[in-house]
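Computed over heavy atoms, backbone and side chain alike; hydrogens, waters and symmetry mates excluded. Numbers restart at 1 for each chain; the letters A, B, ... are given by sequence-line order, proteins then strands. Quick caveat, the model's predicted, so the values are computed rather than measured.
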Amino acid sequence: MANTTVVLGVIGADVHAVGNKIIDFAFANAGYNVINLGVMVSQEEFIEAALESDAKAILVSSLYGHGEIDCRGLRAKCDEAGLKDVRVYVGGNLVIGKVDTGMVVETFKNMGFDRVFPSNVPIETALREISEDLGHTIKS
Amino acid sequence: MRYILCADFGSTYSKLTAVDLQTREILATSKAYTTIETHILDGYNNALAELEAKIGKLEYDRRLAASSAAGGLKMIAVGLVPSLTSNAAKMAASSAGAKLMATYSYELSGAEAAAIEAAKPDILLLSGGIDGGNKDVILHNAKVLAGLAHDMPVIVAGNKSAAEQARDTLEAGGKPVIVVENVMPRFGELNIMPAKSAIRDLFISRIVSAKGLDDAQAIMSAEIVPTPLAVFEACELLACKGELMAVDVGGATTDVYSMTDGTPTGANTIEKGLKEPFAKRSVEGDLGVRYSVPSLVGEAGLEALAANAGLDPAEVSGWLDAVCRDTSVVAERGTPGAAVDDELAASCVGISVARHAGRLESVYTVLGEMMIQTGKDLGGVQILIGTGGSVINSPGAENILRRALATAEDPFALLPRNPRLVIDTGNILTAMGLLSGINRDAALAIMSREFGL
């Protein structure tokens, strides 16, 4: 159980399950211990799972455009729950409409997310960057 | 093997049931008053004399016993997150037949430690963290518990990576410790059987003696088990007849048992939270028709009780004062007191089953309205059994049980919709649970006949 544990799920009232399965597959293959909460996950569920599992990071997905509202306050709640050292990441189709990607990244970083992955980022890139942050050696 | 004697040592009554295994019949039952002051066997001997007056002296091949005397098996569960390992620990203790006095989460505070000390539990169940997960909280709690003056045995059923260190800490504090598998080894996965067996073993090896039941144990041919565990086993056996629930309304507590997987019965429903076990027991320490009247009234509300009973609130509180003064009072049929007692029992049934059942929450998604279910959906329950003196002795027993059913007022409560109502008129569930330990077929045959299933 020396593996790095990450918690992932699709936040809010979002039922998009395909991307969630891809992230699960990629991280499990890279040697992570993945706790996948599936779709329609609340902020509290992410935090509770991270608490019990001693997770190093929370990976939030959002594809239906309400990401900004759903993700607000997650960082603060983690800090409140004693998870100051847990990194939070977000990715997906984060905002509806033709908004500049740079602005989207800026918005979510301001909310306290360590990294933001808009929908055009390949999973390999996200996996590599997160692994660097967590000091996890990707199993090949 | 022919004649079996089943005994149930309660806090107010000792009950006996004589069974003929050959004819698969209950020969007779009897009960006698017991008090804390008198010897545990006085009530037993009086009940036996009553039994012999009915059916004569028999040679019993086996004598089986359950006990809820001296407050039952008092336990406290400690975990990390309320909805996760604390809940898992609570379910393990409940399924072992414990009377759960409290459940704590996160790092125990000084005030909580003092409350545990004051409650003097018979056993404490310590969990927290999935395997390989959080260690800090269970280790902190082990340290706090080790410092308590009350030397209760502790079962450690938490993160395997921290379990031994927790044990060492507790043992250094003079607490007897048993380490078993984690109640939640992987996230969201319940594993309550190892903790349940450890509780049963501890009850037999230490608690029976501590409760002054040694003399009773000496004349029995099998180990005394907690009464709710016997009822649990009777319900598990009877579950082959269909999805089943039982509600046991007592003077101090109300127990609810459900034997169903509780998967969604409605459309567009996603299950969330901890997947609860097929066989689940919950125990409500604040709901009962005598000792727990103050907390029951606080929960149900005096006005609502009076309205349901068709009485004036003043009349209701008059009777409630009388029962609180003397818990042994019995209302005469047809009096307002009897109506209030029926309503108290019905409130216990309604509130305890609602707490046991799962709930739906409506969420609007891009795909339209979806339902999120937490806990068990009891909508498909086919058999609902009512037991406990206040239910089985009431002419309105079925009406009392109906309070458990789903209503149009709260469509989000996943309550039984249309079960067959069964009253345990002969009060045989405990005895049949005990009997199932030595002869399942006979216990099932007797229950099927008695309950008309």
Side-chain angles (χ1 to χ4, degrees), chain A residues 1-18 20 24 28 31-58 61-67 69-70 77-78 80-86 92-93 96, chain B residues 78-89 105-107 127-140 157-163 182-191 264 268-275 360-374:
Chain A
M1 280 287 174
N3 289 351
T4 317
T5 300
V6 291
V7 172
L8 57 103
V10 187
I11 200 165
D14 194 342
V15 290
H16 292 89
V18 179
N20 170 260
D24 188 339
Y32 281 92
N33 177 29
V34 177
I35 292 175
N36 187 354
L37 303 176
V39 299
M40 295 178 79
V41 181
S42 66
Q43 291 191 358
E44 289 72 19
E45 278 179 277
F46 278 111
I47 289 167
E48 290 180 347
L51 263 176
E52 289 276 13
S53 65
D54 203 19
K56 294 288 171 280
I58 292 173
S61 302
S62 177
L63 283 102
Y64 71 155
H66 299 267
I69 288 175
D70 291 341
K77 279 191 200 146
C78 281
E80 188 70 37
L83 299 176
K84 270 197 181 326
D85 298 330
V86 171
N93 190 22
I96 283 184
Chain B
V78 178
L80 173 47
V81 173
S83 63
L84 297 172
T85 48
S86 291
N87 195 14
S105 303
Y106 307 116
E107 292 181 353
S127 69
I130 62 172
D131 283 350
N134 182 288
K135 295 182 199 171
D136 306 342
V137 174
I138 192 171
L139 292 176
H140 168 92
N159 184 355
K160 71 176 169 84
S161 316
N182 198 344
V183 286
M184 189 187 280
R186 278 164 294 280
F187 185 79
E189 192 180 300
L190 268 187
N191 175 42
N268 294 332
T269 305
I270 292 181
E271 285 183 86
K272 278 282 167 197
L274 200 53
K275 175 76 186 158
L360 286 180
E361 190 191 337
S362 157
V363 177
Y364 286 91
T365 75
V366 282
L367 300 181
E369 190 186 18
M370 300 280 282
M371 292 293 176
I372 293 181
Q373 173 182 331
T374 43

Can you tell me how far the [atom1] atom of [X] sits from the [atom2] atom of [Y], to the nearest 0.5 Å?
{"X": "S53(A)", "Y": "N134(B)", "atom1": "OG", "atom2": "CG", "result": "9.0 Å"}
{"X": "S61(A)", "Y": "D70(A)", "atom1": "OG", "atom2": "CG", "result": "12.0 Å"}
{"X": "M371(B)", "Y": "E361(B)", "atom1": "CE", "atom2": "CD", "result": "10.0 Å"}
{"X": "K160(B)", "Y": "I130(B)", "atom1": "NZ", "atom2": "CD1", "result": "11.0 Å"}
{"X": "H66(A)", "Y": "N93(A)", "atom1": "NE2", "atom2": "CG", "result": "11.0 Å"}
{"X": "E52(A)", "Y": "D131(B)", "atom1": "CD", "atom2": "CG", "result": "11.0 Å"}

Problem set entry | Whether over 12 other heavy atoms sit under 6.0 Å from E80(A) CD |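 At most 12 heavy atoms, drawn from other residues, nucleotides or ligands, come within 6.0 Å of this atom.
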
For this session: Please check if atom NZ in K135(B) has more than 12 non-hydrogen atoms from other residues, nucleotides or ligands closer than 6.0 Å.
Result: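 It does not: K135(B) NZ has 12 such atoms or fewer within range.
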
Problem set entry | Close contacts, residues 38-45 of chain A versus chain B, judged by heavy atoms under 4.5 Å |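 Answer by number: V39(A), M40(A), V41(A), E45(A).
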
For this session: Please determine, among I270(B), V363(B), D136(B), T85(B), the option with the most heavy-atom pairs under 4.5 Å with chain A.
Result: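 Top count of heavy-atom pairs under 4.5 Å with chain A: T85(B).
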
For this session: For each of N159(B), I372(B), T365(B), tally heavy-atom pairs with chain A at distances under 4.5 Å, and name the one with the top tally.
Result: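 That would be T365(B).
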
Which bit of [X] is near chain B, if near means a heavy-atom gap under 4.5 Å: side chain, backbone, both or neither?
{"X": "L51(A)", "value": "both"}
{"X": "H16(A)", "value": "side chain"}
{"X": "I47(A)", "value": "neither"}

Measure distances from [X] to the heavy atoms of chain A and classify the residue's part below 4.5 Å as side chain, backbone, both or neither.
{"X": "M184(B)", "value": "neither"}
{"X": "Y106(B)", "value": "side chain"}
{"X": "L80(B)", "value": "both"}

Problem set entry | Polar contact flag, side-chain donor to acceptor under 3.5 angstrom, E369(B)-S362(B) |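 Indeed, the side chains of E369(B) and S362(B) share at least one donor-acceptor pair under 3.5 Å.
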
Exercise. Between V15(A) and Y64(A), does a side chain to side chain contact (heavy atoms under 4.5 Å, CB included) hold up when you go through it step by step?
Worked result: CA-CA 9 Å; V15(A) 290; Y64(A) 71 155; over 6 Å; no

